[in-house]
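Below, read A as the first sequence line, B as the second, and so on, with proteins coming before strands; counting in each chain starts at 1. The figures that follow rest on heavy atoms only: side chains count, while hydrogens, waters and symmetry mates do not.
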Protein chains: 2
Amino acid sequence: MGERSLLKIGEFAHVGQVSVVTLRHYEKEGLLKPLTLDPQTGYRYYALEQLPRLHRILALKDLGFPLDHIARLLEDDLPLEQLQGMLTLKQAQTQQMITAEQERLTRIAARLHQIEQEGKLPTYDMLLKQVDAVRVASYRATVLFHGGFEQSTARILAYLHEKQIEPIGPTIIQLHSRSEQREDGLYIDMETAIPISTHLAGTEQIAIRTLSGGSMVSTIYAGVNLLMGQAYAALYCWIKDNGYQIIGPPRLLRLQHGEHIDASHYVTELQFPVARQAPN
Amino acid sequence: MGERSLLKIGEFAHVGQVSVVTLRHYEKEGLLKPLTLDPQTGYRYYALEQLPRLHRILALKDLGFPLDHIARLLEDDLPLEQLQGMLTLKQAQTQQMITAEQERLTRIAARLHQIEQEGKLPTYDMLLKQVDAVRVASYRATVLFHGGFEQSTARILAYLHEKQIEPIGPTIIQLHSRSEQREDGLYIDMETAIPISTHLAGTEQIAIRTLSGGSMVSTIYAGVNLLMGQAYAALYCWIKDNGYQIIGPPRLLRLQHGEHIDASHYVTELQFPVARQAPN
DNA sequence: GCTTGACTCTCATGTAAGGAGAGTGTGTAA
DNA sequence: TTACACACTCTCCTTACATGAGAGTCAAGC
């Protein structure tokens with residue numbers, strides 16, 4: 001020690017506290033070339049004076065930069081503004097990642113919460129998804145909860161058939177109010193909507209309109225679940241736990257229903273339009 | 001729609017809002033097999049009833065699980081505790097990652113701060129590293145800052161030479177107090193230490209002891225910088241900005257020094273032992 | 001001068017989760 | 001019939017290395 005000398009890769013790796021493989025990798029990436037290369041043996045020889053550069057590489061890696069960015073940052077003629085720009089950008093990205101991870105943390109906690117509540121494997125899987133706006137033919141009325149939409153659906157389908165238009169997606173039901181009990185059954189204000197591709201005029205009863213898209217919390221279940229109580233409740237909890245707020249009526253997508261299908265094979269998606277709750 | 005049917009991979013991908021490639025990938029990973037496979041054509045056919053499973057996969061992926069963990073989580077006979085365990089573990093990991101990212105954010109901010117202060121590319125790169133404890137032969141005295149350690153080093157080396165012991169690392173100088181000006185120069189209480197591998201008895205002057213290891217904030221610079229003012233200051237700022245506290249005397253590692261070496265080729269590492277500041 | 005063990009070289013492959021793209025051969029629907 | 005969807009295989013690409021194979025080199029002891 002104390003003598004000026006060239007180090008073999010292993011020695012340099014040792015003082016730099018990195019692996020030999022890492023040094024070779026950095027050379028390949030053009031980050032740190034050995035001072036000399038023995039043309040006979042191919043041995044790499046490093047000088048201790050290269051240690052500050054290695055140190056800088058590690059420091060930048062520690063800031064989260066990928067190696068190719070570090071290569072740019074190490075260029076001698078890099079203008080100061082660009083350096084600052086890259087750092088500021090990285091700062092923003094890191095902030096964003098933290099936010100994302102925190103949301104994920106909340107989702108995990110919500111899931112654990114759900115398991116505790118139900119005391120078993122959760123039945124419903126919540127997912128936040130983006131939904132496109134879609135043009136529909138819709139019919140809105142306050143009808144019997146059980147079977148009410150069958151009539152509505154039939155009514156719209158008849159109209160579309162008459163106009164020779166085919167549906168382009170599953171029937172969507174918007175539940176505009178919570179159900180209310182009357183003497184002859186459970187009633188609800190629901191809008192039955194069938195997606196179509198073409199524009200046409202509606203009738204007094206059947207409106208041609210566009211269902212808005214946006215962020216939806218969604219869950220899908222198979223089988224019959226007429227009251228959807230559990231799914232509804234689970235979704236409601238999830239939205240609350242994860243700091244969202246409901247900004248519209250829930251939707252029911254009848255992905256696989258019908259008279260000649262056994263009820264146990266029904267597939268339904270339940271969606272709530274949501275937005276991030278303003279953090280007050 | 002509304003009819004029970006088998007979907008081709010493209011259709012299923014569409015309703016599930018994933019890519020065809022993804023579905024094939026999931027099949028290969030054993031996460032989601034198509035309901036039937038046409039032996040003639042190899043076409044995959046999915047049932048809508050598989051949508052909840054896909055949904056669950058996506059939800060778990062959203063929680064941050066890798067695909068092989070999801071495969072385990074999807075097993076029917078997974079005991080509840082194991083599910084909870086995996087979620088709790090993931091929760092802890094996510095929390096840890098958030099903490100790490102926040103520290104990174106602080107480091108980036110410190111770096112930007114440093115650039116602003118210096119008004120140019122920062123000269124010193126700070127890195128937090130773990131240092132092992134090391135046995136040394138050391139000599140402590142209040143000596144002239146300039147050249148004082150040369151004598152100390154020579155003294156230790158003479159002793160080691162007499163005992164036929166070779167140093168196993170660069171000379172370490174611990175600065176036990178800040179420098180003080182006297183009439184004939186700048187004095188400092190410094191301990192010069194040379195790493196050795198064997199244990200042996202010391203003398204009145206030369207102690208054989210162990211330098212403790214631990215977390216060190218380190219910077220390396222090449223060239224002569226006798227007062228180390230800038231490096232010292234930069235390191236000091238970094239430690240403060242990043243919420244650490246200094247828990248011991250700074251160390252100077254003379255990685256490449258010596259009489260027959262040009263001062264511009266000196267390589268020195270400056271280390272401060274630190275600990276996380278208790279968040280009060 | 002020889003052996004031995006530690007070290008070094010190059011090259012290839014693997015990682016997670018697919019994305020992108022090409023090439024080639026069928027299937028399905030209007 | 002003509003698009004288009006789908007099949008299969010293959011490769012390369014992403015990050016920052018780790019791991020290993022097979023071969024050559026260095027320094028030290030005998």
Side-chain angles (χ1 to χ4, degrees), chain A residues 5-46 54 57-74 90 93-94 97 104 164 166 168 197, chain B residues 5-46 54 57-74 90 93-94 97 100-101 104 166 168:
Chain A
S5 56
L6 291 178
L7 309 181
K8 285 197 283 191
I9 194 170
E11 300 164 326
F12 191 66
H14 184 72
V15 298
Q17 294 192 295
V18 293
S19 79
V20 170
V21 182
T22 302
L23 286 177
R24 283 202 274 253
H25 187 61
Y26 287 173
E27 179 188 359
K28 197 159 60 183
E29 299 294 319
L31 291 177
L32 183 66
K33 289 193 212 305
L35 192 66
T36 68
L37 189 67
D38 188 323
Q40 303 290 320
T41 67
Y43 271 35
R44 298 167 175 82
Y45 291 99
Y46 293 85
L54 174 60
I57 292 170
L58 295 179
L60 291 172
K61 196 160 76 68
D62 208 38
L63 295 185
F65 287 104
L67 295 189
D68 54 346
H69 283 203
I70 294 178
R72 292 224 302 278
L73 287 166
L74 285 177
K90 190 78 210 166
Q93 286 171 343
T94 307
M97 159 146 334
R104 168 171 298 169
Q164 303 214 324
E166 284 295 312
I168 58 164
S197 61
Chain B
S5 56
L6 292 177
L7 309 181
K8 287 195 286 189
I9 194 169
E11 300 165 326
F12 192 66
H14 184 71
V15 298
Q17 294 194 296
V18 293
S19 78
V20 170
V21 182
T22 302
L23 285 178
R24 283 202 271 253
H25 189 60
Y26 287 173
E27 181 188 357
K28 198 158 57 181
E29 300 292 320
L31 290 176
L32 183 66
K33 290 193 212 308
L35 192 67
T36 67
L37 189 67
D38 189 323
Q40 302 289 319
T41 67
Y43 271 35
R44 298 167 176 84
Y45 289 99
Y46 294 84
L54 175 59
I57 292 170
L58 296 178
L60 291 172
K61 198 157 76 67
D62 207 38
L63 295 185
F65 288 103
L67 294 191
D68 54 347
H69 283 204
I70 295 178
R72 291 224 301 280
L73 287 166
L74 284 177
K90 191 78 209 168
Q93 286 172 344
T94 307
M97 159 147 332
E101 289 294 321
R104 168 171 298 169
E166 285 294 314
I168 57 164

If the sugar-phosphate is the primed atoms plus P, OP1 and OP2 and the base is the rest, what is the B/S/- string for nucleotides 24-30 of chain C, using protein heavy atoms under 4.0 Å?
---SS--
Among pairs that include at least one residue of residues 20-35 of chain B, which meet side-chain hydrogen bond (donor to acceptor under 3.5 Å, both in side chains), considering only residues two or more places apart or in two chains?
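The answer is Ser19(B)-Thr22(B), Glu27(B)-Arg44(B).
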Nucleic acid contacts - residues 20-30 of chain A versus DNA chain C, non-hydrogen atoms under 4.0 Å
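Those residues whose heavy atoms fall under 4.0 Å from DNA chain C, taken from residues 20-30 of chain A in numerical order, are Arg24(A).
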[X] [atom1] to [N] [atom2]: how many Å, rounded?
X	N	atom1	atom2	result
Gln93(B)	dA16(C)	CD	P	14 Å
Leu63(B)	dA17(C)	CG	P	14 Å
Asp68(B)	dG14(C)	CG	P	17 Å

Leading and trailing nucleotides of DNA chain D with any atom under 4.0 Å from heavy atoms of chain A
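Contacts span dA16(D) to dC26(D), reading 5' to 3'.
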Can you list everything that forms a salt bridge (charged side-chain N to carboxylate O under 4.0 Å, His left out) with Asp62(B)? Sequence neighbours excluded, please.
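Asp62(B) satisfies salt bridge (charged side-chain N to carboxylate O under 4.0 Å, His left out) with Arg107(A) once adjacent residues are dropped.
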Using atom types as modelled, flag every donor-acceptor pair under 3.5 Å from a side chain in residues 11-18 of chain A to any protein atom, sequence neighbours excluded.
residue, atom, partner, partner atom, Å
Glu11(A), OE1, Lys8(A), N, 2.7
Gln17(A), NE2, Gln130(B), O, 3.3

Is Arg44(A) near enough to dT10(C) that one of its side-chain N or O atoms lies under 4.0 angstrom from OP1 or OP2?
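Arg44(A) to dT10(C) OP1/OP2: side-chain N or O found under 4.0 Å.
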For Leu60(B) and Leu63(B), what are the C-alpha separation, side-chain angles and deciding distance, and is it a side chain to side chain contact (heavy atoms under 4.5 Å, CB included)?
CA-CA 5 Å; Leu60(B) 291 172; Leu63(B) 295 185; 4.2 Å; yes
Nearest heavy atom decides the nucleotide; on that basis, is Gly10(B) or Lys61(A) closer to the 5' end of DNA chain D?
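It is Gly10(B), whose closest nucleotide lies nearer the 5' terminus.
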